[in-house]
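Just below is one structure, and these are the notes that go with it.
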2 protein chains.
Amino acid sequence: MSVTLDAIDRHILRVLQRDGRISNVELAREVGLSPSPCLRRVRLLEEAGIIDRYVAVLDPAKVGAGLTVFARVWFKTQDAEVTLRFAEAVRRFPEVMECYLTTGECDAVLRIVTADLHSYWRFQADHLTRIPSVLSVKTDVPMETLKRSCELPLR
Amino acid sequence: MSVTLDAIDRHILRVLQRDGRISNVELAREVGLSPSPCLRRVRLLEEAGIIDRYVAVLDPAKVGAGLTVFARVWFKTQDAEVTLRFAEAVRRFPEVMECYLTTGECDAVLRIVTADLHSYWRFQADHLTRIPSVLSVKTDVPMETLKRSCELPLR
DNA sequence: GATGCTTCGCAATCTCATTGCGTGAGCTTT
DNA sequence: AAAGCTCACGCAATGAGATTGCGAAGCATC
């Protein structure tokens, strides 16, 4: 199912990326439609998978997830089996927010979220380095987060 | 305003992180409350800033943002002025999804989202390298994204 | 054991989501 | 150019859910 996005669709998506719980009545007003065609467009965007889902965004610091650590991972070997096992393991840990497979310097980069450094080291020792695929881990702790956005650019 | 999260609050947050548009009636059923105290808890979590906001999550590939590139940035100098200017510039670009200031190898790491490699190079040439603070940029293109989650771990 | 505090559930009201239907604009065909 | 077709719009009715006030129950304190 292919949907070509017109200006109104993009306007809807921009608004919903900022406020996913806006009422349809207000959304319609913002994009210059009446409620029913507006809701119809939203439903089409959902069915087309363009809107994947709606989520609540929590304040990391207030739920004990204030620290972001990047972990660069080296694998023991470079085969499909090892990669698959690693992917499965990584999916289980809620602390792992993002995981990318890379070429070059290391084999994978993880963004890991914990309460503080102590929690992180415990996570690394107890879980990360115990994944059978993992040979070694190096960590980077950013001093400051300048930006973290969920809003994809449209056009 | 400090709110201590009990088991029900964490349950609510877990559900809302998965489905930010669940009706209050169904949310109440899932966490084992009646609708009114459930809604009251949600409102308190919002007012306390624990729930920061609600957003629609789009499919990057379907809105022309299929490529993730990590850009490591080196600054010309290391003072507050340069950092501040850089932060302001970075905030303006919707393509920059995340930006971290780091120590060690480079000065900043950016996660940048574009449609494809061609769009990325254009963005880098036209915008990124033209930020006055920026001395040089090196890019890392992950082969594969194994995980990208919005859900913070609770407890 | 009484009092105060907190959080619950119930009920009433009101807003909003949802669906069906008629209308008009734009495009194709003849 | 007119007729026909399609698509998206707005309106209206209905039903579901959000929201608020109020009384009751649990728990701690004194």
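Because only heavy atoms are used, hydrogens play no part in the values below, and waters and symmetry mates are left out as well, while side chains stay in. Every chain is numbered from 1, with letters handed out A, B, ... down the list of sequences.
In terms of polar N and O atoms assigned as donor or acceptor, the side chain of B:S34 never comes within less than 3.5 Å of the base of C:dC10 in a complementary pairing. No donor-acceptor contact under 3.5 Å links the side chain of A:S36 to the base of D:dC9.
The side chain of B:R43 places an N or O atom within less than 4.0 Å of a non-bridging phosphate oxygen (OP1 or OP2) of D:dT19.
Counting to the nearest Å, the P atom of C:dA17 and the CZ atom of A:R40 are 14 Å from each other. For the pair B:I8 CD1 and C:dT7 C1', the computed distance is 10 Å after rounding to whole Å. B:R29 has its CZ atom 16 Å from the C1' atom of D:dA18, to the nearest Å. Per the geometry, CG belonging to A:L33 stands 14 Å off C1' belonging to D:dC11, to the nearest Å. Rounded to an integer number of Å, the gap from A:Y54 OH to C:dA17 P is 11 Å.
Aromatic pair B:F86/B:F75: ring centres closer than 6.0 Å.
The stretch residues 11-27 of chain B touches DNA chain D through B:S23, B:N24, B:V25, each having a heavy atom under 4.0 angstrom from the strand.
Using modelled atom types and a 3.5 Å distance limit, the side chains of B:T68 and B:R148 yield a donor-acceptor pair.
Salt bridge A:E81/A:R85: present, at least one basic N to carboxylate O contact under 4.0 Å. One finds no salt bridge joining A:R14 and A:E151 here, because no Lys/Arg side-chain nitrogen approaches an Asp/Glu carboxylate oxygen to under 4.0 Å. Looking at A:D6 and A:R41, a side-chain N of the basic residue comes within less than 4.0 Å of a carboxylate O on the acidic one, giving a salt bridge. In this structure, A:R43 pairs ionically with A:E46, as a charged nitrogen and a carboxylate oxygen lie closer than 4.0 Å.
Relative to the side chain of A:L39, the nucleotides C:dG9, D:dC11, C:dT18 differ in distance, and C:dT18 lies closest.
Ring geometry for B:H127 against B:F93 counts as tilted: the plane angle lies between 30° and 60°, on a 0 to 90° scale.
Contacts of A:R41 with the nucleic acid, taken as non-hydrogen atoms under 4.0 Å apart, involve only primed sugar atoms and P, OP1 or OP2.
Projected onto DNA chain D by closest heavy-atom contact, A:G32 and B:P35 fall at different nucleotides, the more 5' of which corresponds to A:G32.
Within the model, atoms OH of B:Y120 and OG1 of B:T139 stand 5.5 Å from one another, a figure rounded to the nearest 0.5 Å.
For the helix from C:dG1-D:dC30 to C:dT30-D:dA1, the end axes, each set by the C1' atoms of five terminal pairs, are bent relative to each other by 30° (nearest 10°).
With hydrogens and angles disregarded, no donor-acceptor distance shorter than 3.5 Å links the side chain of B:R91 to the backbone of A:K147.
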